[in-house]
2 protein chains.
Amino acid sequence: MKSELRLGIAGLGTVGANVAQLIERKSDLLAERVGRTIRVTAISARDRDRRRGFDTDGMAWFDDPLTLAREAAIDAFVELIGGSEGVVHEAVKAALERGIPVVTANKALLAHHGVELAKLAAANGTEILFEAAVAGGIPAIKTMREALSANEVNRVYGILNGTCNYILTRMEKEGIGFDACLKDAQALGYAEADPTFDIGGYDAAHKLAILTSLAFGTEISLESIFVEGISRITIADILAASELGYRIKLLAVALRTDSGIEQRVHPAMIPARSALAQIDGVTNAVAIDSDLLGSILLAGPGAGGAATSSAVLSDIMDVAGGFVPPTLGVPPARLQPYQRARMRAHEGGYYIRLAVYDRVGAFASIANRMAENGISLESIVQRKADLKTGEGTAPVILVTHETTEAAIRAALEALSKDGHLSGEPQMIRIEDLD
Amino acid sequence: MKSELRLGIAGLGTVGANVAQLIERKSDLLAERVGRTIRVTAISARDRDRRRGFDTDGMAWFDDPLTLAREAAIDAFVELIGGSEGVVHEAVKAALERGIPVVTANKALLAHHGVELAKLAAANGTEILFEAAVAGGIPAIKTMREALSANEVNRVYGILNGTCNYILTRMEKEGIGFDACLKDAQALGYAEADPTFDIGGYDAAHKLAILTSLAFGTEISLESIFVEGISRITIADILAASELGYRIKLLAVALRTDSGIEQRVHPAMIPARSALAQIDGVTNAVAIDSDLLGSILLAGPGAGGAATSSAVLSDIMDVAGGFVPPTLGVPPARLQPYQRARMRAHEGGYYIRLAVYDRVGAFASIANRMAENGISLESIVQRKADLKTGEGTAPVILVTHETTEAAIRAALEALSKDGHLSGEPQMIRIEDLD
């Protein structure tokens, strides 16, 4: 049997403590599978005296993760503090500079500094592993870096935020509005007190930025992602989606286009009969379309202590086994610059819901503005005037054939100026899954 | 850059030729990702003169795969001939005896000789990789062996046979009977001229035998699998399933029970709203329930040249990278003997469809036979007498609460003897996915 693998863990919150407990509790199983004993030899956290459910005897204590990363007698550095700046960033760099592999669950660190860190790792003959940073326990990173290693990816997309998916699922299943669902999600611990990072789509965007780099061999570009959250989705949209044979999910999508890589996070309508549409609650899913493999879908728990710990342990086992592919799939010197496809060039179908004043000329305005912008309609449904859409207005729902984002925006702007609409038009993109 | 990886490929059918073509066409991409050039240096096939779409210059030709495995100057042996006995078996053993890793897509070889081969590999310091042997391009083996390396599995199940899934999907979507669908599947090349291996459930059983070993760390036991094919499924069952909120799929299931490991392949009713139920046509899916990760689902193409080649290439890349986990997840000496849970002890809900003669006492017979065997009913529906079920009979559909296979068999046998049924009762197991 090979020599033991000595781990330093920085951060002993839910996941950090759970990882240390599991290494203690499952030591025989892990050693049997990887042919090597795994032992935590150094730890760092805020409060030294707290009980954490594992035996800290024989573990060196560090008040400061940076000192642990720099000085501890370890073979791998496990970063489970979180946050992209300051001491966390410094500690990860310090470990890499020593040539020590880093295992982390930190999506923000990777999304902001992934390329810099991959370069530093490569320069020191080591790598970073981050399975837990994207889609929790789902082996999305391993699949992308290893199972698809002979494939060229055309599109990667998925449901990457459990909070949003929980809210949208409850809205649909129980007919409860967005605000009430958000409150429940907060009460259940699925959403933060300030939920903006989740419901605004930013959490999903961080994960997408990482997946995009792995999928297309490009540098990470978080700031290029078009991001739209779920707070404008109403029960009226969810009901209309259902009638049209769709369900609404917050999707994160990256795809190769003629003008570059398109990256976007937004609510999308997807076919109700697809496997992806059945991914409910806090479950996550990642789908990958590639040249050889065609389409594959991975689904599972997107968060939670045990699932995240499972992903961290899978990375630790890979380190123990001795082979880790390049951090971002290819050596960092081979990463291509990210070339952004503008969102205005996005092509797809659109769902549009309007509250139209019930008067002469309103329908002509809709028809003309669509025609002027070269948009053809797959369906148009006007319902009887309904108090919910405001006095004297009727809901009109349009579904377009494939068109461009630029055309839709121009048409909706012109339509608004015509003065027949009450409030802003609602627009939801339709994602073609074939 | 490390030295090149020299491959010997035995078998140049669709997959073998495709793998060689892809290694030629994608050589830069593969080398970039793994830091090493991959080159085919030896080949063997039936017909030396056939054109195969890749450049054979510089490749040593062997008339016999066994000689290739024994003598060629190679670092890995890629077996793509198929079949579990004879020269294929000998050639794989010969490569392992030289300490050369083997990559194969051969489910029969693994299902019949996996433990013997794993022992031989371990004794010679090498391993066997077989991602393509189970569920085509889906990274089921990698996920099981690596992503779940810290997990204990409770159940593994899935849709492992594309032919059956194609037939059941068409029966449901188009209302066409089994025989007609089978003929279409044969015409499209999805089913063999003798379709028994697929529609009888044996192909799925071979794949399940391998997954079971990986999931539970037990020796492979193909002969212990309870196998029931799809040929008795009728449109009446598919319609009844739909009304009850289910869809019918050929499932392969292995789970840990108090009395051992239960392995079974049979048509099963699964909730129509589950992601698994949306896996249509020739697509495969593998679901794994484990202690840390909870439930994950992987879905994708279960067969086809490109998808299979992708899986073979993923294995080759792992060999090139230098680390491969133990063939069956743990060193073969640590594999536990397989302890079989008897099918009669299987617990679950059941769907039962009877053609009952329309006369006094028939219903009492059903009610009494169920009660005698301790079976409680979730629903019971009798439809009006229908010519399709035979003269003077009416279809009765029962759904039971959880009971045992032994109780159901006893109840149905007694019911048949009572003489109120026309023909044999139909029984389909209900699989609980939660």
Side-chain angles (χ1 to χ4, degrees), chain A residues 22-23 26 29-30 32-35 131 136-139 142-143 145-152 217 273-280 283 285 288 290-301 304 306-307 309-314 316-318 321-326 329-331 334, chain B residues 18 22-23 26 29-30 32-35 131 137-139 142-143 145-152 217 273-280 283 285 288 290-301 304 306-307 309-314 316-318 321-326 329-331 334:
Chain A
L22 288 165
I23 288 171
K26 295 201 173 201
L29 178 82
L30 300 181
E32 193 166 79
R33 288 188 178 163
V34 79
E131 186 62 81
I138 303 172
K142 181 173 276 289
T143 296
R145 283 208 296 206
E146 301 174 36
L148 274 85
S149 55
N151 284 262
E152 280 140 284
R273 270 296 308 271
S274 61
L276 193 64
Q278 321 311 319
I279 304 305
D280 284 341
T283 304
I288 309 159
S290 60
D291 61 343
L292 302 180
L293 203 37
S295 296
I296 64 168
L297 174 70
L298 315 176
S309 300
S310 170
V312 170
L313 284 163
S314 161
I316 291 170
M317 293 286 273
D318 279 355
F323 172 68
V324 181
V330 292
R334 300 293 191 97
Chain B
N18 194 221
L22 288 164
I23 288 171
K26 296 199 172 202
L29 177 83
L30 300 181
E32 192 168 78
R33 288 188 179 163
V34 80
E131 186 62 82
I138 302 173
K142 180 173 276 292
T143 296
R145 285 208 296 206
E146 301 175 36
L148 274 85
S149 55
N151 285 260
E152 280 140 283
R273 270 297 307 271
S274 60
L276 193 64
Q278 320 311 319
I279 305 304
D280 283 341
T283 304
I288 309 159
S290 61
D291 61 342
L292 303 179
L293 202 38
S295 296
I296 64 167
L297 174 71
L298 316 175
S309 300
S310 170
V312 170
L313 284 164
S314 160
I316 291 171
M317 293 287 273
D318 280 355
F323 172 68
V324 181
V330 292
R334 300 293 191 99

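Chain naming here is simple, since letters A, B, ... match the order of the sequence lines and numbering starts at 1 in each.
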Closest non-hydrogen contact found for A:S314 with B:E146 is OG-O, 3.4 Å

So which part of B:L298 gets closer than 4.5 Å to some heavy atom of chain A, the side chain, the backbone, both or neither?
both

What residue in A:S274, A:A275, A:G217, A:P139 has the most heavy-atom pairs under 4.5 Å with chain B?
A:A275

Heavy-atom pair with the smallest gap, counting every atom of A:E32 and B:P331
O-CD, 3.1 Å

About how many Å separate OG of A:S149 and CG of B:L30, when rounded to the nearest 0.5 Å?
7.0 Å

Out of curiosity, A:T283 OG1 to B:I296 CD1, how far, rounded to the nearest 0.5 Å?
12.0 Å

Please classify the contact of B:N151 with chain A as side chain, backbone, both or neither, using a heavy-atom distance under 4.5 Å.
both

List in chain and number order the residues that pass side-chain contact (heavy atoms from CB on, under 4.5 Å) with B:A285, two or more places apart in sequence or in another chain; answer none if no residue qualifies.
B:L276, B:I279, B:L297, B:A299

Residues that B:S295 engages under side-chain hydrogen bond (donor to acceptor under 3.5 Å, both in side chains), provided they are two or more places apart
B:D289

Just give me the residue among B:R145, B:E131, B:M317 that pairs up with chain A most often, heavy atom to heavy atom, under 4.5 Å.
B:M317

Between A:P325 and chain B, which part of the residue has a heavy atom less than 4.5 Å away: side chain, backbone, both or neither?
neither

Residue part contacting chain A, namely of B:D280, when any heavy atom lies under 4.5 Å
side chain

Pick from B:A306, B:G300, B:A277, B:P326 with the largest number of heavy-atom pairs that fall under 4.5 Å of chain A:
B:A306

Most contact-rich option vs chain B, by heavy-atom pairs under 4.5 angstrom, among A:S290, A:P301, A:G294, is A:P301

Whatever's closer than 4.5 Å to a heavy atom in chain A on B:I316 counts as neither

Find the distance between OG (B:S310) and CG (A:L148) and round it off to the nearest 0.5 Å.
5.5 Å

How many angstroms lie between CG in B:L313 and CG in A:L293, if you round to the nearest 0.5 Å?
11.0 Å

